[in-house]
Every structure is written in C-alpha cells, then in structure tokens.
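Order of listing sets the numbers, starting from 1, for every ligand and every atom in it. Computed from heavy atoms alone, side chains included, the values below leave out hydrogens, waters and symmetry copies.
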Amino acid sequence: MTADLQQPAAGLSGEAWTRRYSSAVMNTFGTPQRVLVRGEGCYVWDADGTRYLDLLGGIAVNVLGHAHPFLTSAVTAQLATLGHVSNFFATAPQVALAERILELLDAPAGSRVFFTNSGAEANEGAFKLARRTGRSGMVAAEGAFHGRTMGALALTHKPAYREPFEPLPGDVVHVPFGDVAALGSAVGPRTAAVVLEPVQGEAGVRPAPAGYLAAAREITSAAGALLVLDEVQTGVGRTGRWFAHQHPHLGADAAGTGPVVVPDVVTLAKGLGGGIPVGAVVGLGERAGSLLGPGQHGTTFGGNPVAAAAALATLHVIERDGLLENARTVGARIRSGVEGLGHPLVTGTRGEGLLVAVQLGAPVAAATANALLQAGFVVNAVGPDALRLAPPLILTAEQADTFVAALPAALDAAAAAL
Ligand code: PLP
C-alpha cells in the first residue's frame, strides 16, 4: 500500500489500474478513458507513459496547468503552517481571499463571501440564501447545469439527471435560456431568485444572448427577486475576464454599451483553487450579503486555510502573468484556426476566452474526442455534436496550434466510422 501511495504507476499498466478502479470505485462516471499519473504545465501522462496535451484542464479547473510551482509552494507552505481549523476560528488566508474576491467583483458595500468545497455546494448555498428572502420561487434556465446535490439538482434542467432523484426541492421552474419575454412572465412577487449561467457550459458552451443578463437584472429588480449568476465554470479568468458577466456584451445591454450588470449573488468553484477544491457564494450588497445569518449555513472544510491559500496563489498568478489576456488571445486563435480549417464536419465555434465549443455537423463528438485522445489531446464531447475545450489559461499559441493541426485527421477518423 505504501508503495502504491508513493509510486502509483510503478509496475502497473493503465489496464490493470482500470480493472482495480472498476471493482473499487462506484460506477458513476463509466470506464475511465485513461489512468493519469502525472502532470506538468499543460501536459499530463498516463500510467503507460503516454503524454497528452490537456485541453480540458479537469473541466475548467486547472487554470494554472499541472504542478504549477507557485501554487505548489503556496499550498505546501500553508499546510506546513496551519492546515485546517474549525469555523470557530478565522484564518488570514480565508479573510484575504474573501477580500480579494470582493475586489475582483467590484462588490458594493455590505457584500460578503461564504466558502464551499464545490460548485454544487456553492449553488446549494445560493438556493438557501434565496429562500431567506421569505419567498420560495426559483427560476432557472432550460439547459442549465448547477450541480448534483438535491438543491443544485432542482435548479439543473436535464431530466436524466433529475428524474431518478425526485422529488427534488420544489417551486423551481425552467424557462428557455435567452428568452427575455419568457423570463419576464415567469418572475413575479413570489420569486426568490433567478439563477443563470452567463455561458451555459454543460449545455454546450452557449453564451447568453447580448442584453439577456441586463434584462434579467431589470426583471428581478422590478420584482424584488435576487439575480444569481452561476460562474462556477465561467469565473476566475476562464472567459478572458475575471468573471464572464464582466464582458460588456454579456453583462451589459444588447449593444454592450450599458453598465455591467451587478448580480445579487455570484457562485464560484472549479478554477478558483487551481485544482484544490474550493468554491464560494458571494452575496453582493447589503441585502444579499446578510441574508444568511448565524447558524443558518455551515461547512467543515469550506475555505480552509490550504484551500484559501491555493485560491490566493491562483488569483495572484493569473494577474501577474497576464492570463486573462492570454485566455482571450489563445481562445480566439483556436476558434479562428478551427474555423479556418474549412473542414466539412465543422459548422462553427462558440464560447468566450478559453471556454470553447467546436460545433460539428454530425453526431461524431465522442468519436472525434476519442481519436484526439489517441493522437495525444484531451478534449470533451460536451454533446453528441459538440467538442468542448477548457484548457489551462497558460496554454501557449504553439500548443493551441498543435491541436488545430491534429483536428482534421481526428474528424476524418470519426467520419470514417459513421
Ligand atoms: N455550476 C456549473 C455552471 C457547472 O459547470 C458545474 C460543474 O460542471 C457545477 C455548477 C457543479 O460544480 P461541482 O461539480 O464542483 O459540484
């Protein structure tokens, strides 16, 4: 066992690990594509020694890539100093991280942060916070994904995820994403909150139409309801701004000229800790910042000093190394490179920054992702006919170009198997 812990790959093939996985780990994720043993920068290696360019980044998590020295040393130093305390005590990293998040959100006075360990927990917290308005109605969008806990699942739209677990927490309705009139009719005096992703990630990387979030802000404000933006996948630099709703065309009016929307609540996780589990519910302004009172919510691990140190280090490197700009330029390069291929199976690209979908004209996403894996690239089939890329924000133009160059052969292989 000790040898396993120190040298997980020693002597065992990927196939042998997969057999052990299947008999010891619950089958919620299907058979793993590979067993990964090591990472460095934008690359990972499997148990058989094969290297892959990681264009998925743990699904929008590893914003600094793998084994980033600054993150590694921040986590190591914090663990060697003070690894965990109960919530009867505060720690410096926790306070500094809350302040930094509020600063990056340009949060108004009275704003406050609650730390969690995951995106689902962040949305669960937002759900509870919304119920503290004294209203119960929740409005979410068709196609939405907000996580797998019961409350987050109630906000999630996909029937296959929801139905095996019904009854879910009630009083949630779903409206077509991007339809202002439908949102307007669904929101009323009983509505506690509207919950939206600025770019729907799991639905296939679908940005909100220009002006939609601004309209949602107007509709919720007029009804006295909260506007909750789920930035679990889109936050922390992923889209080329700290938060996706800060893009003028996403978080302002349809012309992209109005003031950027100020939501009541923002939920975060994924990229925040650069790979260490940490999430946050941010209540913006006096009202949302104080709806959850003493004893009304809690967590043992949320925002523990190691997680908070990891997040502070991640945010520091993103700023120090100009990774917002890098996400914008490399993301745009991937999209124009893919579109410029003129491959008959590619019908377009979507996304913001380094959250990119390649739309295919046939249901060959899984076969293409598999062919890319064989060729040394990790991507994800986010739907039957769409590939998703959410790579580390440190991805270089040269690395991006290797993917663009490899894509036609993978598409051809997938098409041949049709
Ligand atoms: N919200 C969004 C927008 C997500 O994309 C995800 C995960 O994919 C979640 C919430 C759930 O996060 P977690 O898997 O950390 O619970």
Side-chain angles (χ1 to χ4, degrees), residues 26 28-29 56-63 114-130 138 140-158 160-162 165 168-169 172 174 177-178 193-208 212-213 216 227-239 243-245 250-251 263 265-282 299 301-303 307 310-311 314 350-357 379-383 386 388-391:
M26 276 193 200
T28 59
F29 300 108
L56 191 56
I59 314 187
V61 168
N62 301 97
V63 288
F114 178 89
F115 288 113
T116 70
N117 308 288
S118 69
E121 280 177 66
N123 289 324
E124 199 73 32
F127 198 143
K128 286 182 68 178
L129 182 152
M138 302 291 285
E142 291 175 6
F145 184 83
H146 297 294
R148 306 292 199 129
T149 58
M150 294 299 258
L153 195 53
L155 299 169
T156 293
H157 182 243
K158 197 171 174 172
Y161 293 165
R162 301 166 54 88
F165 304 100
L168 297 169
V172 179
H174 290 90
F177 183 59
V194 170
V195 184
L196 295 170
E197 295 159 85
V199 180
Q200 288 193 326
E202 299 306 302
V205 186
R206 299 188 182 276
Y212 183 60
L213 298 182
L227 176 63
V228 178
L229 294 185
D230 178 344
E231 293 247 20
V232 166
Q233 187 158 157
T234 53
V236 197
R238 169 63 41 203
T239 67
F243 306 100
H245 73 271
L250 283 176
V265 177
V266 172
T267 56
L268 302 173
K270 286 196 179 277
L272 183 58
I276 297 291
V278 57
V281 186
V282 188
T299 164
F301 289 117
T314 302
R350 287 188 294 275
E352 291 290 341
L354 279 172
L355 183 58
V356 172
V379 303
N380 152 250
V382 72
R388 171 175 50 180
L389 276 62

Return the set of residues passing side-chain contact (heavy atoms from CB on, under 4.5 Å) with Ala386 (not counting sequence neighbours), or none when no residue passes. Arg350, Gln359, Val382
Say you draw a straight line from CG of Leu355 to CD of Glu352; how long is it, rounded to the nearest 0.5 Å? 8.5 Å
In this structure, CG of Asn380 is separated from CZ of Arg388 (nearest 0.5 Å) by 4.5 Å
In residues 142-149, what donor-acceptor pairs under 3.5 Å come from side-chain atoms, sequence neighbours left out?
from, atom 1, to, atom 2, distance (Å)
His146, ND1, Asp230, OD2, 2.7
Thr149, OG1, Glu124, OE1, 2.3

Run through ligand 1 for me and note each protein residue having a heavy atom under 4.0 Å from it, chain first, then residue number. Ser118, Gly119, Ala120, Asn123, Phe145, His146, Gly147, Glu197, Glu202, Asp230, Val232, Gln233, Lys270
Sequence neighbours left out, what passes side-chain contact (heavy atoms from CB on, under 4.5 Å) with Val236? Give chain and number order. Leu272, Leu315, Ile318
Worked verdict on Glu202 versus Gln233 for side-chain hydrogen bond (donor to acceptor under 3.5 Å, both in side chains): CA-CA 9 Å; Glu202 299 306 302; Gln233 187 158 157; 2.9 Å; yes
